[in-house]
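Here is the naming used below: chain letters follow the sequence lines, and residue numbers restart at 1 for every chain.
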2 protein chains.
Amino acid sequence: MAARSSDGDTRREWVPAVLAARDDTTCRVREVLDRVGEKWAVTVIAELGRKPRRYNELRRAIPGVSQRMLTATLRGLERDGLVRRTVHPVVPPRVDYELTPLGGTLLNTVSALLDWAVEHIDDVDGARAEYDGRQEVAAPG
Amino acid sequence: MAARSSDGDTRREWVPAVLAARDDTTCRVREVLDRVGEKWAVTVIAELGRKPRRYNELRRAIPGVSQRMLTATLRGLERDGLVRRTVHPVVPPRVDYELTPLGGTLLNTVSALLDWAVEHIDDVDGARAEYDGRQEVAAPG
DNA sequence: CTGAATCCAAGGGGATACTG
DNA sequence: CAGTATCCCCTTGGATTCAG
């Protein structure tokens, strides 16, 4: 689907009627982008991709996440079938989280985006510096 | 970078220390995810991927976008070096937007994510239905 | 035509305290 | 240990108006 030409080609015919319209399909495609944009979703998926974890293990593995957001993120991912939550009826409580196969395929796809980011950080940074420089000249302090 | 195994593998060693830590690199990788999560960014990139456009052409091509957000999105993309803005000094004003080569490579990467979304919409939807069903049973109205 | 400025509502997300 | 419940701030983003 969606045949792509080589890197750097700025001319395409194919893409995103997917995004332009807003039929049902389109709408839910957007939801995937929203999820990726959530502050902790990709981090959690990536962390679970390394290995299954318990709640607090996960919490320690992700510096900066609050209990509230970790729980909310996990619930969302579970609802979408990306993460499986397993409660062990023991005391003290033990809850394991792991990536589902579906979550695994998403991780594979998203990590291409992460690779892109790492690879092009300098380009983006340079562009920003240049842009900000131009703005300063245009609107002197 | 980041060797990946086949689809559906839920066990990885590699991934994103990139996201776990928060050194400079990490931080800016997150910014890429944020950008993808912005409501109109990917849509605009995709639309410009089809062909360069003028401001209002773009606006008409993207139903639902407000002037405010279209401008803001374009500014952000321009600042990151993903989009080039060309002002023609004529009256009435004419401003052309086009994807840069860098923007092109991002589009190629993101579209893999769009493909994933289209391909797995039904899985996600099914998971949601099942999850919501379980919740209803657990917390009856 | 291409924006900038202002106003405002909704939701994301952090800090903290409490619970089974 | 694994969460829930509150409070509250700040950002995102839509509507509208003004301007070059």
Side-chain angles (χ1 to χ4, degrees), chain A residues 19 22 27 30-44 47-48 52-80 83-98 131 134-135 138-139, chain B residues 19 22 27 30-44 47-48 52-80 83-98 131 134-135 138-139:
Chain A
L19 289 169
R22 94 282 254 84
C27 215
R30 266 229 48 81
E31 289 177 24
V32 171
L33 294 180
D34 289 345
R35 180 151 305 273
V36 168
E38 280 174 25
K39 188 164 184 182
W40 302 105
V42 169
T43 306
V44 167
E47 208 54 49
L48 288 179
R53 306 288 185 96
R54 303 178 51 173
Y55 182 84
N56 273 346
E57 284 176 344
L58 210 44
R59 201 149 103 82
R60 280 187 295 270
I62 304 177
V65 70
S66 66
Q67 255 182 8
R68 175 173 156 23
M69 288 316 297
L70 180 55
T71 300
T73 301
L74 286 168
R75 289 292 178 278
L77 296 176
E78 188 196 359
R79 187 169 107 98
D80 284 359
V83 161
R84 173 165 39 244
R85 175 173 181 266
T86 309
V87 181
H88 302 275
V90 300
V91 34
R94 176 194 180 105
V95 181
D96 287 332
Y97 291 94
E98 63 186 321
Y131 181 94
R134 287 203 304 267
Q135 299 318 95
Chain B
L19 288 169
R22 94 280 255 81
C27 212
R30 267 229 46 83
E31 291 177 22
V32 171
L33 294 181
D34 290 345
R35 175 139 313 241
V36 170
E38 281 175 23
K39 188 165 184 182
W40 302 106
V42 170
T43 307
V44 168
E47 209 52 52
L48 289 179
R53 306 289 184 96
R54 301 180 51 175
Y55 182 84
N56 272 348
E57 284 177 342
L58 210 43
R59 203 150 104 82
R60 281 186 296 270
I62 304 176
V65 70
S66 66
Q67 256 183 5
R68 180 182 178 324
M69 288 317 296
L70 179 55
T71 300
T73 302
L74 285 168
R75 287 292 177 278
L77 296 175
E78 188 197 359
R79 186 170 109 96
D80 284 359
V83 160
R84 174 164 39 246
R85 175 174 181 264
T86 308
V87 181
H88 302 276
V90 299
V91 32
R94 177 195 178 105
V95 181
D96 287 333
Y97 291 92
E98 63 185 321
Y131 181 94
R134 285 202 305 266
Q135 298 320 97

When you look at A:Lys39 and A:Met69, which way does the side-chain contact (heavy atoms from CB on, under 4.5 Å) test go after all the steps?
-> CA-CA 9 Å; A:Lys39 188 164 184 182; A:Met69 288 316 297; over 6 Å; no
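Taking 4.0 Å as the cut-off between side-chain N and carboxylate O, B:Arg53 and B:Asp96 do not count as a salt-bridged pair.
Residue B:Arg75 contributes atom CZ, which lies 17 Å from atom C1' of D:dG13 at whole-angstrom precision. Between the CZ atom of A:Arg53 and the P atom of D:dG3 there is a distance of 16 Å, rounded to whole Å. Atom pair B:Tyr55:OH and D:dG20:C1' shows a separation of 15 Å (rounding to whole Å applied). Atom CG of B:Leu33 and atom C1' of C:dG12 are 16 Å apart (whole Å). Atom CG of B:Leu70 and atom P of C:dA5 are 17 Å apart (whole Å). Residue A:Glu38 contributes atom CD, which lies 19 Å from atom P of D:dT11 at whole-angstrom precision. Atom CG of A:Asp34 is separated from atom C1' of C:dA10 by 14 Å (rounded to the nearest Å). Atom CZ in B:Arg59 sits about 9 Å away from atom P in C:dC1, given to the nearest Å.
Each of B:Lys39 and A:Arg85 lies near DNA chain D, and the nucleotide nearest A:Arg85 is the one positioned closer to the 5' end.
Considering only side-chain N and O atoms, B:Arg60 lies nowhere under 4.0 angstrom from the phosphate OP1 or OP2 of C:dT2. For B:Arg68, no side-chain nitrogen or oxygen approaches OP1 or OP2 of C:dC7 to under 4.0 Å. For A:Arg54, a side-chain nitrogen or oxygen approaches OP1 or OP2 of D:dA2 to under 4.0 Å. Between B:Tyr97 and the phosphate of C:dG3, there is a side-chain N or O to OP1/OP2 separation shorter than 4.0 Å.
Side-chain proximity of A:Ser66 to C:dG14, C:dA5, C:dC1: nearest is C:dG14. Side-chain proximity of A:Gln67 to the nucleotides D:dC1, C:dA4, C:dA17 is greatest for C:dA17. Closest contact between the side chain of B:Val95 and the listed nucleotides C:dT2, C:dC1, D:dG14 involves C:dT2. Among the nucleotides C:dT6, C:dC1, D:dC1, the one closest to the side chain of A:Asn56 is D:dC1. Closest contact between the side chain of B:Met69 and the listed nucleotides C:dG3, D:dG13, C:dG13 involves D:dG13.
Judged by distance alone, the side chain of B:Tyr55 and the main-chain N or O of B:Leu70 form no donor-acceptor pair under 3.5 Å. Not one N or O on the side chain of A:Glu47 forms a donor-acceptor pair closer than 3.5 Å with the backbone of A:Val44. In this structure a side-chain-to-backbone donor-acceptor pair under 3.5 Å is missing from A:Glu78 to A:Arg75.
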